[in-house]
Protein chains: 2
Amino acid sequence: MVREILDLVGDKWTLYIIAALKEGPVRFNEMRRRIDGISQRMLTINLRGLERDGLVKRTLFPTIPPRVDYELTEMGGTLLAPVMALVTWANSNQENIRGARVRYDAS
Amino acid sequence: MVREILDLVGDKWTLYIIAALKEGPVRFNEMRRRIDGISQRMLTINLRGLERDGLVKRTLFPTIPPRVDYELTEMGGTLLAPVMALVTWANSNQENIRGARVRYDAS
DNA sequence: CGGCATCCGCTTAGATACTG
DNA sequence: CAGTATCTAAGCGGATGCCG
């Protein structure tokens, strides 16, 4: 079960979705734009999963055209810190990693 | 590039490998046993990738039979904290997530 | 023991088209 | 705008066999 959850939070897109929601509610297409490279299909599937797991809340405004807001739930908010720690780590270590790769590939 | 790194840490097995190395050097087959469900092939491939990225150090002892130790590099060690934060989060929230799923599936 | 090479099925995700 | 449906290829990963 813990395994299942780690597979979830360690999923390719989950990190980006959580990070994209850190400022507050975001509409569907706005998220697509924020998460470079994600397809409509993948965003939908992953958002459904996160909603099912109680990490993301979906709010439909039945206007025309329809509007849907996604935001972190309370539990989703508690995941933000660990996720952002990872993002920060990635930012600060990109140079080191690039260097390591160059050295490795050279040998 | 940051994207590439996040894909790395968000990889299915990376989190487990890093976590498995937190106590110190571990031999290949010992890791296999610690990481439930990973195949030899996947462990090898992922360890190579992490070695290339400078996160894991591989030490070969040319004895018979051969012995190979894997351990976190200094940079790999700095990734431990964020990763363990995620693991801890997964542990503390498994009940909430299970509950959320039951509620979602019921509706 | 700690791999690498090959084969292969099956999931996954991207592209595309369609809808309320 | 925010999806759903369908198709397809690409690759992920498991199984197996062999090797130093």
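As the structure is a prediction and not an experimental result, all values here were calculated from the model. Order of the sequence lines sets the chain letters (A, B, ...), proteins ahead of strands, with each chain counted from 1.
To the nearest 0.5 Å, the span separating CG on A/Asn91 from CG on B/Leu6 amounts to 7.5 Å. Annotation: the span from A/Lys22 atom NZ to A/Leu79 atom CG amounts to 14.0 Å, rounded to 0.5 Å. With values rounded to the nearest 0.5 angstrom, A/Ile35 atom CD1 is found 5.0 Å from A/Ile17 atom CD1. The CH2 atom of A/Trp89 lies 6.5 Å from the CD1 atom of B/Ile5; values are rounded to the nearest 0.5 Å. With rounding to the nearest 0.5 Å, the separation of CZ in A/Arg34 from CD in A/Glu30 is 4.5 Å.
To the nearest angstrom, P of C/dG3 lies 9 Å from CD of B/Glu51. Rounded to a whole Å, the CG atom of B/Leu60 is 9 Å from the C1' atom of C/dG2. Between the NZ atom of A/Lys12 and the P atom of C/dT12 there is a distance of 13 Å, given to the nearest Å. Across the protein-nucleic acid pair, B/Asp69 atom CG and C/dC1 atom C1' stand 12 Å apart, rounded to whole Å. Counting to the nearest Å, the C1' atom of C/dC4 and the CZ atom of B/Arg32 are 14 Å from each other. What separates CG of A/Asp7 from P of D/dG13 is a distance of 11 Å, to the nearest Å. Between the C1' atom of D/dG3 and the CE atom of A/Met31 lies a distance of 15 Å, rounded to the nearest Å. Atom-to-atom, CD1 of B/Ile35 to C1' of C/dG2 comes out at 15 Å; the value is rounded to the nearest Å.
Contacts between residues 36-49 of chain A and DNA chain D, defined by a heavy-atom separation under 4.0 Å, are made by A/Gln40, A/Arg41, A/Thr44, A/Arg48.
Checking the phosphate oxygens (OP1, OP2) of C/dG20, no side-chain nitrogen or oxygen of A/Arg67 falls inside 4.0 Å. Phosphate proximity of C/dG3 to B/Arg58: present, with a side-chain N or O under 4.0 Å from OP1 or OP2. Remark: B/Tyr70 is in phosphate contact with C/dG3, judged by side-chain N or O atoms under 4.0 Å from OP1 or OP2.
Without hydrogens or angle criteria, B/Tyr16 side chain to A/Arg3 main chain gives a donor-acceptor distance under 3.5 Å.
A cation-pi arrangement is absent between B/Arg27 and B/Phe61, since the terminal nitrogen or guanidinium carbon is not both under 6.0 Å from the aromatic centre and inside a 45° cone about the axis.
Comparing C/dC1, C/dG3, D/dC1 against the side chain of B/Asn29 picks out C/dC1 as the nearest.
With axes fitted over five pairs at each extremity, the angle between the ends of the helix from C/dC1-D/dG20 to C/dG20-D/dC1 is 50° (10° resolution).
In terms of position along DNA chain C, the nucleotide closest to B/Val68 lies nearer the 5' end than the nucleotide closest to the other residue of the pair B/Val68 and A/Pro65.
Within 4.0 Å of B/Phe61, counting heavy atoms only, lies no atom of the nucleic acid at all.
Note on A/Arg101 versus B/Glu4: salt bridge recorded, some NZ/NE/NH1/NH2 to OD/OE distance being below 4.0 Å.
Note on B/Leu60 and B/Val56: same hydrophobic cluster, where clusters join Ile, Leu, Val, Met, Phe, Trp and Tyr whose side-chain heavy atoms are under 4.5 Å apart, directly or indirectly.
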